[in-house]
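A short worksheet on the structure shown next.
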Amino acid sequence: MQEILERISVQVADAFEAAGYDRKLGRVTVSNRPDLCEYQCNGAMAGAKTYHKAPFMIADEVADRLSGNAMFASVESVKPGFLNIRISGDFLADYANQMAEDRERLGLEKEAYPRSIIVDYGGPNVAKPLHVGHLRSAIIGEAVKRITRFAGNEVLGDIHLGDWGLQMGLIITELHERRPDLVYFDADYQGAYPEEAPFTISELEEIYPCASGKSKEDEAYHAAAMQATNELQQGRRGYRALLDHILRVSVTDLKRNYENLQVCFDLWKGESDAQLYIPAMVEKMKQDGFAYFSEGALVVDVAEKSDTKEMPPCMILKSDGSSLYNTTDLATLVMREELYQPQEIIYVVDKRQELHFTQCFRTARKTGIVPEDTRLIFLGFGTMNGRDGKPFKTRDGGVMRLENLLADVNAKMLEKILAGGHMEEEEARKTAGVVGLAALKYGDLSNQASKDYVFDLDRFTSAEGNTGPYILYTIVRIKSILKRYEEENSLDGLQMLSPASSSEKELMQLAARFGDNFRIAYEELAPHKLCAYIYDLSNAFNRFYHETKILTEENKAQKSSWIALLALTRRILEKCIDLLGFEAPERM
Ligand code: ARG
């Protein structure tokens, strides 16, 4: 069904047209003065110049045409030329009832022209532990994936593992030092390699930082790691076998971690999968005259006249012929084009990588790797900081591991739940896990992605204010009322009546605007707007709830109308948190 703002706008536009004006002037917005009206239209102000008329005269004519329209409770023309609009309770209830009938989509229409979209997010580096830097990509990317998918598009989430490059050479080198007798290092070995990896995940996680430290101090060690990387890239058998082990062990661990975050990828492709596309891609760039040698390196110019900042050429191959991060991302585009032909790719990556993506996008377009109408979108996010305003660290200043961060949040939540004193330890633990994840995700998603934000454990886990737990409390409260009602009645077939109070009308209005708010969050790829919406909706519910004795209401039709409104509110809240990537517990 049409979004409610659209429905209202159509009526107002009709009135503008009928009075002889451009119907575009009839666009209606939610009022920013809720004390005066619910919706407003400023079209008369905008049209005054074109029609050489005082705006209030236009507004008067339009208001006249709308009087008697059943959609409105009142349409007032207010000097100097605003239209202040209130909608009728019957129209509103009717709209809300229609939404409620559509349990799955709450009236939300699917994209008329669905696109195939890839969301490139997560981007963890194999063999290095997941840290908070990867947290934002996972959280925001997951929400973007779910939102674009719910809109009706064909969406694939790709983790794009960082599984290529020096870190692999480092691990191989360190392993060689420790266990030179392993069969993987015997260049003459022709047989099959063992099924089992020669290390566990914890060993792997210790090996990498150790090797990385050594390579910074010891030049010969660094050279050996470079050499190993190179041989791996050239396809040395034993090293490829080790890479496969590293990948398997690492991916198992990553899957567990992402599962705990309720983040789930459709594709587990990595940088290494793109490598085989590089030679042909580079050859073509050269042949077509786009790539040329500059100081030994192969580059493509990407500067454009309109650039205000310096735009260095995109480097495709280093002077020693080896490939770079750019090369891998471009080859990944070649691969995606071949396998999926996406119409849109959304990269959810730290905003400090913006230059890299601008260079890649321009190169991809210029050299024809992607068709002209493919949308390449860089959704850059800011840093999660500690209370000191610096990037979030552990207490002793180290890199915070994602697992530990999540454990901290859950422990804090558990402490709060147990302090409430009405839950046994076991249930409290489970609940803390669910609520903790919501606290963490909502704390992140409620900020505009591009901005830095401060990770504040106390605030994020608070049940009051604009937090995940507050939203969940609201849902749990509604669920418990519905459950009590259901003990004696059925929830099926309930109808909302025209609202009886202003707090009820406010709640119904907000519920009815689910579609409008979803659309904005979707079109702008802005999960924080969905957060702002459910915060408003929760506030409206809580106001209504405090003013209304629902379960003790004597009038049956009235009571079931309120219950229907609660059921709709619950469904909207649950739909939205699902889109944001978390869920509500049964009790709290
Ligand atoms: N692995 C990279 C990092 O940790 C992020 C990958 C982002 N995605 C991409 N297509 N480059 O910085």
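Every number for a ligand or one of its atoms is a count from 1 in the order of the listing. Just so you know, these numbers come straight off a predicted model, no measurement behind them.
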Ion pair Glu259/Lys255, N-O distance below 4.0 Å: no
Neighbouring protein residues of ligand 1 - any heavy atom closer than 4.0 Å: Asp120, Gly123, Asn125, His134, His160, Tyr325, Asp329, Tyr347, Val349, Gln353, Phe357
Pair Tyr258 + Phe265: ring centers closer than 6.0 Å: yes
Whether Tyr533 and Phe514 hold their rings parallel, tilted or perpendicular, with breakpoints at 30° and 60°: tilted
Contacts of Arg248 that satisfy side chain to side chain donor-acceptor pair (under 3.5 Å) - sequence neighbours left out: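 None.
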Of all pairs that satisfy salt bridge (Lys or Arg N to Asp or Glu O under 4.0 Å), the ones with a partner from residues 175-188, not counting sequence neighbours: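 Applying salt bridge (Lys or Arg N to Asp or Glu O under 4.0 Å) to every pair that reaches into residues 175-188, excluding sequence neighbours, yields Glu174-Arg178, Glu177-Lys214, Arg178-Glu206.
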Pairwise salt bridge (Lys or Arg N to Asp or Glu O under 4.0 Å) hits with a residue in residues 154-166, at least two apart: Asp158-Arg336
